Each structure stands twice: as structure tokens, then as C-alpha cells.
4 protein chains.
Amino acid sequence: MLVANYRTGRVPRAVRSAQLLELADQLFAERGFHAASMDELARRAGVSKPVIYDHFGSKEQLFATCVRRTGEALADRVAKAVREESDPRERLRAGSIAYFRFLQDQLRAWIVLFDGEDARDTRFATEASRIRRRQSDLMIHLMAETSGTTPDHEGRPRLEAMTLAIAGAYESLSLWWHEHPEVPPEELADWLLDLIWPGLEQLNAQLATSS
Amino acid sequence: MLVANYRTGRVPRAVRSAQLLELADQLFAERGFHAASMDELARRAGVSKPVIYDHFGSKEQLFATCVRRTGEALADRVAKAVREESDPRERLRAGSIAYFRFLQDQLRAWIVLFDGEDARDTRFATEASRIRRRQSDLMIHLMAETSGTTPDHEGRPRLEAMTLAIAGAYESLSLWWHEHPEVPPEELADWLLDLIWPGLEQLNAQLATSS
Amino acid sequence: MLVANYRTGRVPRAVRSAQLLELADQLFAERGFHAASMDELARRAGVSKPVIYDHFGSKEQLFATCVRRTGEALADRVAKAVREESDPRERLRAGSIAYFRFLQDQLRAWIVLFDGEDARDTRFATEASRIRRRQSDLMIHLMAETSGTTPDHEGRPRLEAMTLAIAGAYESLSLWWHEHPEVPPEELADWLLDLIWPGLEQLNAQLATSS
Amino acid sequence: MLVANYRTGRVPRAVRSAQLLELADQLFAERGFHAASMDELARRAGVSKPVIYDHFGSKEQLFATCVRRTGEALADRVAKAVREESDPRERLRAGSIAYFRFLQDQLRAWIVLFDGEDARDTRFATEASRIRRRQSDLMIHLMAETSGTTPDHEGRPRLEAMTLAIAGAYESLSLWWHEHPEVPPEELADWLLDLIWPGLEQLNAQLATSS
DNA sequence: AATGAATGAGGTTTCATTCAT
DNA sequence: GATGAATGAAACCTCATTCAT
């Protein structure tokens, strides 16, 4: 089966969509939401602007799609990594490594999520925090499995807050890593686990008994 | 006659400056850098645009001034709170409470710092990360006092990374708090300390011996 | 149907470009660079401003394009006229007539060149003096042919200065002509030749022997 | 008699005026009409803007005053130099040298006149051409004296045109000189005289007989 | 005689978005 | 399915000019 020349002329809709998303991801990462222009995206894609509007409706929707896609990819990778271990600490460690590795591969795309020029815009903050929350949920799930219990109604907010705090720590650490790429992700993960694991275990115990 | 009617007409320069900064802080917090417009600021201040330009030179400089001002206020408050305690854990706790309290008072202004639309813009990332780094340095200092030692050359990056991670945890936790204002800042501080204190003590010990 | 209604609506790119250049030439001539506004150009062209920016990038580039275009047209005309004569004096005369005729046709455009509001602006002085210099070079060339020699290193600056002076005389004379259009260009040319030809011949002889 | 400190505080009206004119001359020469701002003039003069408006009414009037003043100074110098010689050629030579020397001293001010950013603006073209015309009149006068006759009605326009052309040559030559300041003004004057004197004498004779 | 504070109008430029083909 | 051409709205910024003191 030959590969058609997709750079010019008619292209199946799905292929165009994927190609555009890929380029948009790059562009948003390079420039941020506001500074990225539809004109440039069109130029890079070798396509006229109406094509983009036909596919995604608006710049905002296009951005949302990019963010969602990246968030899902991240969650998938972390979840998969976690699933391959059984010891609780190892699971968290594996997840962390997967998280940092994802950044290594997709740094550009990730930047869009948490350090993007427009994270604060109410329209997009939603998307970003949705992803953060997914990471947090994943961790809650993890800990619930570990302790074999679910925190009661009272303990819930605390757990939620803590996991979000941890997600924040990951994000901030990633920014630091950006400037110290020589540190291997495994070491990064170990550092972070050494920092929070003791507290996490205690928290887990505490919430478990309180239930 | 003591106080002129400052709502319209002629106002002393210093007063105008302060008023404009205050309103700009609000506006940037609401909209982010890009989406905030000088036109709107002028409208809110009941002033024509040239006034703003006369005072701050450009939108960028105005923003920088806002950010710097907020960052300094935050650092001052935290430093002051820390100074009033002597036990290491209590010091961190006091600093944390001060940090969260600052948000309660100045939430709008704070948002500009870490969740702003333009954190990613290199021009501003500098400002924001400088503040984060100041918090981090403050904490490193704190820990050094506690352990009575300074980490060696090898331990330094790790300590730096960890404090930045913790700063990230604070920031993220603040966003969560934004949606759960019923939790008192003392409780928030206790939660976070319970989470990281064990790890911090160990880290401190470890870096101390390794030096 | 051959010719679409180009006064409104969609027009092929090349046509729009030409139309805009024409109108810009007029506008710059009427008002000078600074006083001419893109708004007015757009209004006159019955087009929105972004169209202009799409075609020429910036006001400065638009201006440069106008100037260059006019300068080239002038040089072409003069060169062509000169080429059609063989006697040195006749050649200069023919060139002069062509020069003045060009003004008659393109007065507006010409004004942009040498009496423009912004000759002094370094960005444009370059363009204008380049054209003046081209005229001067043309004349130097002409005289070299006449005398069959090239002035030596010492004589060069003098010749250059003199031809530029003559170019200035042309320009100034053109302004005068603007207010005395009843004088035919041939007469104008004769006047000027009577004035400078004797001196030119002597100069030519002098520089030739000195070499 | 002591000199009061005129840089601050109250200053007699005439002194202020003179001081402002001097600085305005400089500023216009440096920046051109449009780019020169009243704000900067006020700053340089250490005076508030209303003072300037009180003295000159408007930017336009201020500029006109500058130009007129410079033009008069130039005409005075040239006239004076001419008066000190008796042989016609020497008189023209002396006038030319005075002209070029004026530039050497007052280059900045001169630029405002003929190469200014706004020479073309109808409002100012008037001023500039008035000066050019004065130079031209001066020369006509000179030649009339030489030949002892005044050209008849028919010869007048031609003489006028020629003298204006010559004035243009001077201006253009001055620009060239700007880039070759090593040439002494006497040499410049000789060059120009060698070029136009033969033609001028013939013209003079011709117009004299024709009358 | 002089000023600090303010303004209105206008400038260039950029962008997301949409017809008409 | 795709495009070339066009637009409306809004952004930042500057300047000559004038009150009110």
C-alpha cells in the first residue's frame, strides 16, 4: 500500500484532522495560545484557513482539543506504568517515572498544559485543572487500593487537597527539570518519593482508621 | 479642606499611581495579561489612556510592576511570620499560614503570579519564577538553620528541586482552596506539613550527613 | 464576461496591488509620508486596512515600494532617451527633456521622491539619494563616453560633486516649472544646457587631461 | 553685570523666547518636524509645555519661526559677503563661500530648511521655497548689476528659473559636502563657479542684448 | 510667569473569522 | 474538499494641546 502525498491536494478528513492537531500542538507549545496565529498554523500545514475552521470550528475549540488529547495521552501512560507494578511504593514510583518520561518526549505539548501563556484564561484553566484532577484521582485510587479502604466523608477533601498539592509538586518539579535535564527521571522520582512517601503513608493510615 | 475629590479630575501623581496599580492588579488577575486591555483599565480608572502611559510607560512595564509588587508583599509577609517562631516545624507552619492568609487577602493579585495567562511568556516567566524561587530560597535557608549545616555541592540541586516542588504544592493547594474557602488556613497548613514534614526531616538529615 | 467590476468586492491580487500602489503614490505625494494615513488610503481604495497590510506589510514598505518604482521608471525613461541620440550635447538634451516630460506625466509620483516630507528620515533619504545618485552616475557615464576617458582618482570626487549639483538643479528647476507649466520641456532643457554645457565641456577637458 | 541663572525660575520673556528658539532649532534639525515632540523640547528647555505654547502658539508656528530665522541669517551672511567684493565673479564666489561656511557652522539648522522631514508639507514648503527664492533674487540682483541692465519681460522667467536651478545646485552640493567634509568651502565654490560661470556670462550677455 | 495633570483624536498594526468561487 | 480575498474589531501607543491651580 502506497502512502498518498498528503502535503498537497485532497486528503481524507481524518488524516487532515490528525495532521492539523499535531501541528497545532507544536505551535501552541512554541508560542502559547494568544501568540499562536491561525495564519501561521495554516501556513505550516500548507492549507488554507477555512480548512482549519471546517475541522475545529474555532481557535478555542482547537486549543481545547489539543489540551485534551495531550492530557489523555499523559494519563494513559501513567496508568499503564502503574498497572505494571504491585507494591504501592513501586507503583507510585513507576507512575512518577512515566510522568517525567512523558515530559521528556512531549515536552512541548506538556508546556501547553501547565505553563501555557493562557492557563489562567478561565476558558482554559478548566481544561488544565481537569487534567491535574485526573492525575490526582489516579493517585487517590492508588492509595485506596493500598490501604484497602476509602476515606470517609470527612477525610475526602483532605485527601483530594493533598493529591492536588502533590500534582502541583510534580508540575513545578518538571519546570525545574527543564533547566536540569542531566538528572535522570528515575532519580527525580526517587527524590520526590523520599519526600512525600513518609507523609503519604501516615496520611493513608490516618484516613483509613478514621473511616 | 483636607481631602480632594479624587474620583474625578486632578489627582496628585502618587495617588493616581497607587490607584492605577491597584486596579491593574485586579484587571490582570481577572483577565490575564493579554486579555486585559489598557482601554478597559482606563475606563475603570475613569481616566484617559495617556495617563496610564505617562505613569507606567507600557503595558509590559505596568504588568511587571504589578507582579513585582505582589511578589515582594508575599515574601515580606512570609518572612515576617517565620521570624516570629523558633521551633523549625513551627516556623514552617507559620510561614505556610502567612502564605495562605496572603492569598485570602490578595487572592486576585496572587493569581497574576502563578496562574497568569502569560507565565509561559519568557518576559514574565522570569518574574513569576523569581518569586517562586524566593520562596524556595527562604525554605532552604530555614532548613539550613534547622540542621545547622549547608548541603554540599552534590546535595544542593536536590534540595533546590525539592523546595521548588514544595512551592508548587503550595501553589496548587491554593487553587484548590479557592474552591473550598471554608477550610481555615491553619488546617491547610497542618495538612501540608503532615504530608511533607517527615520527608523533609529525613532529607535534611541525609543532606547533613552527606556533607 | 471579460472584466469584473473591480471597484467593489473581490479582485485578483495583482490588480489590487497595482491599484493600491497607484493610489498610495498619489496620497504620499499629496500629504507626504507622515501625514498620509493608512486609514485614508484604505478609504480611497474602498478597501479595509488589512488588505493593504497583506499586500505590502507595513507603511514603510509601502512607501519604499512607491519610491523605488517611481525612481526606476524615471531612470528608464531618461536612459532610453539618451540612447537614441549620438551627439553628446544632444544626448544630454534628450535626457533632460525625458526627465522633464516624466514629471509632466508623473508629477505627483515624483514629488514623493525629492520634495517628500521625509527626505530627512534616514530610512528614506537612502532611497531618494540613491535615485539622485543614479541620475548622477548616468551623467558621469555620458561624459566619460564623450571625452573617451575616465577621470583619475583625484578628479573623481569633483566630477561626482558636479553631477550631483546638476541633479539638484534639475530638481529645483522642476519645482519652478510646477508653477510655470506653460514653458515647454524642450525650452527648459535648452535653458539648462545653455547654462551648464560650457562649464561641463571645460570640466570634461580638464579632467581628461589631468588623468 | 551678572548673568542670572536662567535655567530655573522666572526669566524675562525675550530671553526665554530666544532660548527656546535655539533649542527648537536643534531639535527640529535632529529629528525633523514630525518626530520632534513638544514634550522633548519642554524637557530640554527645563520648562513646562504651556510656556512654549504661551510663547509660540503652536508647534507649526514655532517651526515657521525657526525656519524664517535661519533663512534670514543665511541671507544676511551671503549678502554681507557679496558686498565686500566688487568683481562680479568674485562676488559670486564670495557669496558661495559664505553660503557653504554657513552650513559648516549651522549645519543642523540648515538641514531643517531643505532636507527636512517635512519640506513637502504644503504648510512648510512655502517657508523653504521663500528662502530659496531669496537666494535666487539675490543672484538676479547680482547679475543685473554686472550687466548693468535688467532683463526684459521675456527674459525674466528664464533668469528666474536659472537662478532657482542654481540654488538647487547649491543645496544638492551641500548634501554631498555633508559626506565629504574634507573638501574646503573655497574649493567647493571654485568647482561650482567653474561649472556655471561660463554659462552665466553668456546668459547675462544674451538677456542684456535681448532687452 | 509657570506648572502638574489630563485629554481627544488619531496612528499603525494584528487577528479570528467568513464570503464567493 | 478547498481557497483567495476580504473584513470588523480591537489592540497598543503617541502627540499636540489645554485646564485648574
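Everything numeric here is computed off the predicted structure, so don't read it as measured data. In what follows, every chain begins at residue 1, and chains take the letters A, B, ... in the order their sequences are listed.
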Electrostatic pair B:Asp54-B:Arg13, nearest N-O below 4.0 angstrom:
yes
Lys/Arg N to Asp/Glu carboxylate O, D:Glu72 vs D:Arg68, below 4.0 Å:
no
Gap between atoms [atom1] and [atom2], on [X] and [N] respectively (whole Å):
X	N	atom1	atom2	result
A:Arg43	E:dT14	CZ	P	12 Å
A:Leu41	E:dA16	CG	C1'	13 Å
C:Phe63	E:dT12	CZ	P	13 Å
A:Asp54	F:dT3	CG	P	11 Å
B:Phe56	F:dC12	CZ	P	15 Å
B:Leu20	E:dA5	CG	P	12 Å
A:Gln19	F:dG1	CD	P	15 Å
D:Ile52	E:dA1	CD1	P	16 Å

Those residues that, when tested against B:Arg43, pass side-chain hydrogen bond (donor to acceptor under 3.5 Å, both in side chains) (two or more places apart):
none
When Watson-Crick pairs (N1 to N3 and N6-O4 or O6-N4) and G-U wobble pairs (N1-O2 and O6-N3) count only below 3.5 Å on both distances, what is the dot-bracket string of DNA chain E, with | for other-strand pairs?
.||||||||||||||||||||
Take the angle between the ring planes of D:Phe28 and D:Phe63 and call it parallel below 30°, perpendicular above 60°, tilted in between.
perpendicular
Would you tell me if any nitrogen or oxygen in the side chain of C:Arg16 comes within less than 4.0 Å of OP1 or OP2 on F:dA6?
yes
Would a distance-only check, ignoring hydrogens and angles, find a side-chain to backbone donor-acceptor pair under 3.5 Å from C:Lys59 to C:Ala36?
yes
Which heavy atom in [X] sits nearest to a heavy atom in [Y], and how many Å separate them?
X	Y	result
D:Arg16	D:His55	CB-CE1, 3.5 Å
D:Ala24	D:Cys66	CB-SG, 3.7 Å
A:Ser58	A:Met38	C-CE, 4.4 Å

Let me know which of C:Leu41, C:Leu27, C:Leu20 forms a side-chain contact (heavy atoms from CB on, under 4.5 Å) with C:Leu62.
C:Leu41
Reading nucleotides 15-21 of chain F 5' to 3', which nucleotides get B (base under 4.0 Å from a protein heavy atom), which S (sugar-phosphate only), which -?
BSBBB--
